[in-house]
Asker: 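First the structure, then my questions, so here it is.
Note that the structure is a prediction, hence the values are computed from the model and not measured. Heavy-atom basis, side chains included; hydrogens, waters and symmetry copies ignored. Numbers restart at 1 for each chain; the letters A, B, ... are given by sequence-line order, proteins then strands.
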Protein chains: 2
Amino acid sequence: MSNRPARPSAAPTLKDLARLAGVSPITASRALHRPELVAEATRTRVAQAVEQSGYVPNSLAGGLTSRQTRLVAAIVPSMGHSLFSDMLDALITSLAAERYETTLGISRYDPAHEETWLAAMLSRRPEGVVLTGTEHTARARRLLLNADIPVVELWDYTPHPLDVIIGFSQEDAGRAAFRHLAACGYQRPAILRSDDSRAHRRAQGFLRAAAETGAPEPVQIVFPEDSPQTGRGRDAFSALRAQAPQADAVFCSSDALAQGVLAQAHALGLQVPRQMGVLGFGDQALAVDCIPALSSVKVDGAYIGRLGAAALIARMRGENVTAAQDVGFEVIARASTRAAAGRP
Amino acid sequence: MSNRPARPSAAPTLKDLARLAGVSPITASRALHRPELVAEATRTRVAQAVEQSGYVPNSLAGGLTSRQTRLVAAIVPSMGHSLFSDMLDALITSLAAERYETTLGISRYDPAHEETWLAAMLSRRPEGVVLTGTEHTARARRLLLNADIPVVELWDYTPHPLDVIIGFSQEDAGRAAFRHLAACGYQRPAILRSDDSRAHRRAQGFLRAAAETGAPEPVQIVFPEDSPQTGRGRDAFSALRAQAPQADAVFCSSDALAQGVLAQAHALGLQVPRQMGVLGFGDQALAVDCIPALSSVKVDGAYIGRLGAAALIARMRGENVTAAQDVGFEVIARASTRAAAGRP
DNA sequence: CTGTTAGCGCATTCAG
DNA sequence: CTGAATGCGCTAACAG
């Protein structure tokens, strides 16, 4: 029951370490952090002392003096979305390679949460911040400005970022999605999406493209942002069939959602893509490979994570980098066009 | 090009804040952290001073004195696996609700990486640590013991954990998987798995169960741990067909993998589950709902994350909690048994 | 309810 | 190559 024996402890400090090694604290410190400035013999004795005492540096104290924390703060709306988890994997790994550690927040798509998280995080004096999107509260912006540290915004694009931005235009992605479906011969494409601001803006682009073509206004089914995607595909698609039986294609706000729709379409006996087009969004390209009926607006989460890390690292080193980068997206069509399906 | 105008800066400290509010630093500190100890009027003036000066506390300094960092260190093998990302979402969210922040590491299934990460992390003086599995280097164990902070191990089970453990027996899960497939009438089930230690041990349980039944030894296809799962299902299944054409069912090490296998089976014209049984592993139960042919050994990542957070929080508060908890798993059979598929 | 004193553990000066 | 002095910004422990 008692999980851990009470220890008298008092973790050894640099002073203890130095005494054990028979040197001054500062020499011990140097032996640890800048070994090239210390004689071989001294270094060895310090190393032995570390071994003996089990010394672990206290980076709170270190950071307080040196003003270097090697900490990065990053926030995403959720981790359920594979785009974000893949991005984070790449981001964290890339940062770790440069000896930066990452503290993570989850905003639930709510700028107010982001603000709260940010206020708490900044007290740890991170050397850089990674945000999702461009929507931030006024106070969040002010905090970041005052903090005077590099900021990278991901997943979206604006010519006027807080600092560095890496992403793409959601509107353009939505327009491209519509044009793709239209080119495939679908007449009444619909939208199935979660209720978050980027999906919303993709939908705007989609609707606008439809309007420009003179096509009838696409039906939209919207559901809460954070619901499990694949499962949601089932009922969302059923809802769509009930509400808009004439719809002959669906633009989904995620690949997982699209897979759910695909499965449900099969269950309803609809032939995809001949009777129903399904277009996803995300980076599950390999998943797409497995399911030839599915196309996708492709964005690469890991790529964005790597780019974000690289930009942040450069900025943290004091280098200037291009402030804005539209990394774009790509519309992937497998054997999924109605036209292709039509030709035997 | 220049990303940020040079600021004279020098962030205001508590002393500055106190001066501005016309109180002593300690009173300002209390107004911020223990407002109930401070007169209403004073509190207001401090709040105004915060507003004016844009003061942000420095928790490095605070933590150095108070020995409280409200920091938790957590590590997972990767983020690509939805089990881990869902767990992390729940873990981080639960911890944030108690004002703990989480720093994240990624081990790539390598205990040596874990050790390196841990050594770096401990210098930040986290108040608790969350690890994946029970496999740690000797030095990692020593570091944790010396650090003398609560540790929670997740996803696995042993009666002799480092501190608290929350998970289940991989061997048992593997045995259950075999028994399930056998009960469904499959004669030659095979294993498709990634090369990580937990999947390995599930496979061991599977093989042992087969041996006990006197069944022929199941074929195993093993691939590198971190490859994209769904896509991998395609070639892995093809490899299986080539290598063991007699196999009539597959136990996959993840749900994503199983979905890939399912898609490929369809592509090869195999009827699932009549001609080929497919059994996954994970918590994509809703995904499973969409694909009636797929069953799964179900474990709930978010649940494990919540339990882990709760246990860690309790321990960080100095409470004793049950050191070991086998949260189990569940074998879900949809309309996926061969028997059920046989009966029209 | 408020203030004083002291020191957390370390790295940055500047000297040798 | 090594050391001494000093302070980073804050809070604990007392005192009023």
Asker: If you compare all heavy atoms of B/L71 against all heavy atoms of B/Y100, which two are closest, and at what distance to 0.1 Å?
Answerer: N-CD2, 4.3 Å
Asker: May I ask you to verify whether the side chain of A/R30 and the base of D/dG3 hold a donor-acceptor pair under 3.5 Å?
Answerer: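 Flag set: donor-acceptor pair detected.
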Asker: Let me know the distance between CG of A/L64 and P of C/dG7, rounded to the nearest Å.
Answerer: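 Going from A/L64 (CG) to C/dG7 (P), I get 17 Å.
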Asker: C/dG9, C/dT4, D/dT2: which one has an atom nearest the side-chain heavy atoms of A/A61?
Answerer: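 Nucleotide nearest to A/A61's side chain: C/dG9.
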Asker: Looking at the side chain of B/S66, which of C/dT4, D/dT11, C/dA11 is the nearest nucleotide?
Answerer: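 Shortest atom-to-atom distance from the side chain points to D/dT11.
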Asker: Of B/V38 and A/S59, whose nearest nucleotide on DNA chain C comes first from the 5' end?
Answerer: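 Upstream on the strand: B/V38.
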Asker: Measure from the side-chain heavy atoms of A/A39 and tell me the nearest of D/dG3, D/dT2, C/dT2.
Answerer: D/dT2
Asker: With no hydrogens and no angle check, do the side chains of A/R108 and B/T93 hold a donor and an acceptor under 3.5 Å apart?
Answerer: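 Yes, a side-chain donor-acceptor pair sits under 3.5 Å.
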Asker: B/R34 CZ to C/dT2 P: how many Å, rounded?
Answerer: 14 Å
Asker: Does a donor on one side chain sit under 3.5 Å from an acceptor on the other, for B/T27 and B/S24?
Answerer: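 The criterion, which ignores hydrogens and geometry beyond distance, is satisfied for B/S24 and B/T27.
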Asker: Does OP1 or OP2 of D/dT2 have a side-chain N or O of A/T27 closer than 4.0 Å?
Answerer: no
Asker: What contact category does B/L14 fall into here, base, sugar-phosphate, or nothing, at under 4.0 angstrom with non-hydrogen atoms?
Answerer: base
Asker: Would you say A/S29 reaches C/dC10's phosphate, i.e. side-chain N/O to OP1/OP2 under 4.0 Å?
Answerer: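 Indeed not, no polar side-chain atom of A/S29 lies that close.
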Asker: Rounded to whole angstrom units, what separation is found between the CD1 atom of B/I26 and the C1' atom of C/dT5?
Answerer: 11 Å
Asker: In whole angstroms, how far is the C1' atom of C/dC8 from the CZ atom of B/R125?
Answerer: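 To the nearest whole Å, that distance equals 11 Å.
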Asker: Measure CG/A/L60 against C1'/C/dG7 and give the value in whole Å, please.
Answerer: 15 Å
Asker: Among B/E115, B/R142, B/E114, exactly one meets side chain to side chain donor-acceptor pair (under 3.5 Å) together with B/H136. Which residue is that?
Answerer: B/E114
Asker: Report which part of the nucleic acid A/T42 touches: base, sugar-phosphate, or nothing (heavy-atom distance under 4.0 Å, all strands).
Answerer: sugar-phosphate
Asker: Expressed as a whole number of angstroms, how long is the span from A/R67:CZ to C/dC10:C1'?
Answerer: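 Going from CZ in A/R67 over to C1' in C/dC10 covers 13 Å.
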Asker: May I have the distance from A/Q68 (atom CD) to C/dT12 (atom P), rounded to whole angstrom?
Answerer: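 So the two atoms are 8 Å apart, to the nearest Å.
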Asker: Return no unless some side-chain N or O of B/S24 is found under 4.0 Å from OP1 or OP2 of C/dG3.
Answerer: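 B/S24 to C/dG3 OP1/OP2: side-chain N or O found under 4.0 Å.
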Asker: Starting at CG of B/L37 and ending at P of D/dA12, how long is that distance when rounded to a whole Å?
Answerer: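 So the two atoms are 11 Å apart, to the nearest Å.
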Asker: Distance alone, cut at 3.5 Å: any donor-acceptor contact between the side chains of B/T103 and A/E101?
Answerer: no
